[in-house]
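If you're wondering where the values come from, they're calculated on a predicted model, not measured in any experiment.
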Amino acid sequence: MDLDLEEQDLEEHLREAFQDKLRLLLHAELRAARGRTVPARDAATLMPSTRVLLKRREVAEVEQELQSQREEFRQRMERLAQRREQLARREEELRDVALKFDAFLKAVAARRERRAGEERAWAVALGAEAARLHRELEGLLQHRERLARRLRSLRRFGDYLRDALASMGQFQDVPAMLAHFGVLAEARAALAQEAEAGQERLAQGRARLQRYQEEMSTELLSTNNELAQLHTRLQAARQDVLQWESCWARVQSTATQKTLLLGQIKLAVLNLFQLSTAWLRIPMDVALEDTEAQLDMLLLCLRDLTDICAISRHPLRHRGARLSWSQE
């Protein structure tokens, strides 16, 4: 629908341009006819059929120009349609990349939440372990109290212990000796238990570290792959930019050549116009920049020269015309 509307607008524009062109040509011809020195002889020289041919030729030239403009507009619309298709494909690719990047961000957030949950669970486990150790310490204190009561109940062994204390000479009294050996035994047991718990926690930490390293390796590999794909697309985009820049350079070069050719044509038309007007002694009432008017004047001069040649070939048939030409 848009293409049809644009084509209709172009046809109306070209029709208006054609009408303006014909109007300008008619005004130029009227001004040229008014500026002549001998209007009666010019009207006799330029026959109505010649004027009709001139008008038909001008109409054909304008129609040819309109056809070229239509062809240029059609090519431009085809290029625009191709460009729209390319932009649609590029937009689809960018949408896929955006979706993949959103999925990647969601996966990273999920991994972070899972890692935070594991850390919270580990903190809860540490708290539970501390509570267990505290309960165990309370149990050990209670056990020590029971041992103390048992010691008091075993006073018959006091002499033996005092003899041992005297023989050792290292402690002040028997309770100190027993407490020292009890503390050593409890400390040894506690150290053994803590070492076992530490080994278990170390094994768990190593397992978590290994899982984390594997996840990070996988994530880093995926990120590198996506980065390589994006780099490849960037290189392709740069290649497209270089191709379009080279195409633009060719277009500019072609436009420059056409401009030079147009200048050469205008210069040639001006030279021919000056030579013909100087040779036929016609006043130059046409501006130097008006190439179309110069071409019209050249065409009229060529028609006049053609008539002069025809009169010179058939003098009897054109005696009256020869007299007029000789007088002129």
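- Taking CZ from Arg70 and OG from Ser68, the interatomic distance works out to 9.5 Å, rounded to the nearest 0.5 Å.
- For Leu227, the side chain to side chain contact (heavy atoms under 4.5 Å, CB included) test picks out no residue, with sequence neighbours left out.
- Heavy-atom neighbours of Arg95 CZ from other residues, nucleotides or ligands within 6.0 Å: above the threshold of 12.
- For Glu113, there are no salt bridge (charged side-chain N to carboxylate O under 4.0 Å, His left out) partners two or more places apart in sequence or in a different chain.
- A donor-acceptor contact shorter than 3.5 Å links the side chain of Thr259 to the backbone of Ala255.
- For Glu78, the salt bridge (charged side-chain N to carboxylate O under 4.0 Å, His left out) partners are Arg74, not counting sequence neighbours.
- Evaluation of the salt bridge (Lys or Arg N to Asp or Glu O under 4.0 Å) test over residues 181-194, restricted to residues two or more places apart or in two chains, returns none.
- Taking the ring axis of Trp122 as reference, the NZ or CZ atom of Arg208 stays within 45° of it and closer than 6.0 Å to the ring centre.
- Contacts classified as salt bridge (Lys or Arg N to Asp or Glu O under 4.0 Å) and involving residues 123-138 (residues at least two apart or in different chains) are given here: Glu129-Arg132, Arg132-Glu136.
- Here the straight-line distance linking atom CD of Gln199 with atom CD of Glu196 works out to 9.5 Å at 0.5 Å rounding.
- As a member of the Ile/Leu/Val/Met/Phe/Trp/Tyr network built from side-chain separations under 4.5 Å, Tyr212 groups with Met216.
- For Arg83 and Trp244, the positive end sits near the middle of the six-membered ring, less than 6.0 Å away and at most 45° from its axis.
- Hydrophobic side-chain contacts under 4.5 Å tie Leu105 into a cluster, directly or through other members, with Phe101, Phe104, Val108.
- As a member of the Ile/Leu/Val/Met/Phe/Trp/Tyr network built from side-chain separations under 4.5 Å, Leu230 groups with Val97.
- Residues satisfying the salt bridge (charged side-chain N to carboxylate O under 4.0 Å, His left out) test with Arg89, not counting sequence neighbours, are none.
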Indicate every side-chain donor-acceptor pair of residues 140-147 with a distance under 3.5 Å to a residue at least two apart or in another chain.
{"from": "His143", "atom 1": "ND1", "to": "Arg146", "atom 2": "NH2", "distance (Å)": "3.3"}

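- For residues 211-228, the pairs satisfying salt bridge (Lys or Arg N to Asp or Glu O under 4.0 Å) are Arg111-Glu219, Arg114-Glu215, with sequence neighbours left out.
- For Arg57, the salt bridge (charged side-chain N to carboxylate O under 4.0 Å, His left out) partners two or more places apart in sequence, or in a different chain, are Glu61.
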